[in-house]
Amino acid sequence: MSRQSNRTTDSKKMNSELFTLTYGALVTQLCKDYENDEEVNKQLDKMGYNIGVRLIEDFLARSSIGRCQDFRETADVIAKVAFKMYLGVTPSVTNWSPAGDEFSLILENNPLVDFVELPDNHSTLIYSNLLCGVLRGALEMVQMAVDVRFAQDTLRGDNVTEIRMKFIKRIEENLPAGDE
């Protein structure tokens with residue numbers, strides 16, 4: 001029985017490492033294809049957005065979570081359920097703005113940056129920018145417009161990875177006439 005448990009753990013670790021290495025290959029190719037880091041950052045965000053738009057359906061089906069009542073509940077679901085489900089980590093939710101419309105997700109360990117060192121000529125590359133796009137795309141599909149950006153990154157020498165999220169507005173559903 002314990003042997004089966006070890007296989008499951010080894011399989012998850014291998015899947016995680018494969019994902020990390022595949023993501024690294026993707027970023028490397030983007031760096032070769034585009035002339036500057038700003039373009040690579042835009043492409044990573046765009047790719048993440050497209051993933052988020054599709055991933056939200058899987059998340060809602062697998063998690064059985066209903067509509068969040070406010071932005072604080074949304075933050076907790078993102079940190080405690082979504083990040084755990086898809087990346088195997090649970091960031092802490094901190095640094096709330098006084099208005100309650102902005103917070104930080106602090107990742108002690110970002111699985112995307114395992115085995116990664118940024119070369120000196122890519123000092124403005126936001127390596128994990130895909131995550132910002134995923135969050136923005138997924139939340140847009142549940143009628144929340146947000147601004148998502150990296151505030152700190154362990155690849156740049158910071159102690160933690162910090163993703164800053166700001167609520168912009170609730171998106172109204174515009175149904176075609178007669179589809180109400």
Side-chain angles (χ1 to χ4, degrees), residues 15-16 19-20 22-24 26-27 30 34 37-114 116 118 124-156 158-173:
N15 286 341
S16 172
F19 174 70
T20 301
T22 304
Y23 181 73
L26 169 76
V27 175
L30 286 173
Y34 293 93
D37 291 345
E38 192 56 42
E39 278 300 311
V40 175
N41 295 339
K42 286 179 186 174
Q43 288 302 313
L44 288 170
D45 182 74
K46 183 177 174 181
M47 292 168 83
Y49 176 85
N50 289 330
I51 291 169
V53 164
R54 289 166 180 77
L55 196 63
I56 189 67
E57 288 182 37
D58 178 68
F59 173 75
L60 293 172
R62 289 176 56 193
S63 67
S64 302
I65 290 180
R67 183 175 290 275
C68 294
Q69 298 304 309
D70 58 24
F71 199 47
R72 284 189 184 270
E73 185 181 353
T74 301
D76 283 340
V77 168
I78 290 168
K80 295 175 182 162
V81 183
F83 267 82
K84 183 73 172 167
M85 184 183 293
Y86 293 106
L87 293 175
V89 296
T90 305
S92 55
V93 179
T94 62
N95 301 331
W96 279 95
S97 66
D101 65 345
E102 191 171 3
F103 67 90
S104 293
L105 292 171
I106 305 291
L107 290 131
E108 299 290 330
N109 178 26
N110 178 356
L112 292 182
V113 301
D114 289 346
V116 175
L118 284 182
T124 58
L125 177 66
I126 305 170
Y127 184 83
S128 301
N129 210 37
L130 183 100
L131 295 176
C132 293
V134 168
L135 291 166
R136 196 170 48 81
L139 289 174
E140 192 172 297
M141 291 298 103
V142 291
Q143 284 76 44
M144 272 192 194
V146 294
D147 178 51
V148 187
R149 64 180 173 78
F150 273 87
Q152 294 185 70
D153 194 343
T154 55
L155 286 179
R156 295 171 184 228
D158 297 315
N159 292 330
V160 295
T161 298
E162 177 182 0
I163 300 173
R164 195 81 183 140
M165 294 186 65
K166 180 174 178 55
F167 178 80
I168 297 171
K169 67 177 182 175
R170 170 100 29 215
I171 300 169
E172 298 297 323
E173 286 189 76

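We number each residue from 1, following the sequence as shown.
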For [X], is the [atom1] atom crowded, meaning more than 12 foreign heavy atoms sit under 6.0 Å from it?
{"X": "Asp70", "atom1": "CG", "value": "yes"}
{"X": "Glu57", "atom1": "CD", "value": "no"}
{"X": "Arg54", "atom1": "CZ", "value": "no"}

| request: Enter the distance from Glu73:CD to Cys68:SG here, rounded to the nearest 0.5 Å. | output: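 The distance works out to 4.0 Å.
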To the closest 0.5 Å, what do you measure between CZ (Arg170) and CE (Met144)?
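Rounded to the nearest 0.5 Å, the CZ-CE separation comes to 4.5 Å.
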inquiry  = Is the ring pair Trp96/Phe71 parallel, tilted or perpendicular, if the boundaries are 30 and 60 degrees?
reply    =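 Aromatic pair Trp96/Phe71 classed perpendicular.
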Note to self: Strictly distance-based, threshold 3.5 Å: is any side-chain N or O of Asp158 a donor or acceptor partner for the main-chain N or O of Ala151?
What the structure shows: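 Not a single qualifying donor-acceptor pair exists.
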| Arg164 (side chain) donor-acceptor with Asn95 (main chain) under 3.5 angstrom |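 Between the backbone of Asn95 and the side chain of Arg164 there is a qualifying donor-acceptor contact (under 3.5 Å).
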Heavy-atom closest contact ([X] atom, [Y] atom, distance):
{"X": "Leu135", "Y": "Ile78", "value": "CD2-CG2, 3.7 Å"}
{"X": "Pro111", "Y": "Val89", "value": "CD-CG1, 3.9 Å"}
{"X": "Val93", "Y": "Leu105", "value": "CG2-CD2, 3.9 Å"}

Query raised in the report: In a check of side-chain contact (heavy atoms from CB on, under 4.5 Å) between Asn129 and each of Asp45, Asp153, Val148, which one passes?
Result: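 Running side-chain contact (heavy atoms from CB on, under 4.5 Å) over Asp45, Asp153, Val148 with Asn129 returns exactly one hit, Asp45.
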Ring-ring centroid check Tyr127 Tyr23, cutoff 6.0 Å: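 Aromatic pair counts; centres sit under 6.0 Å.
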>> Distance alone, cut at 3.5 Å: any donor-acceptor contact between the side chains of Thr154 and Asn110?
In response: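 On atom types as modelled, these side chains do not qualify, holding no pair under 3.5 Å.
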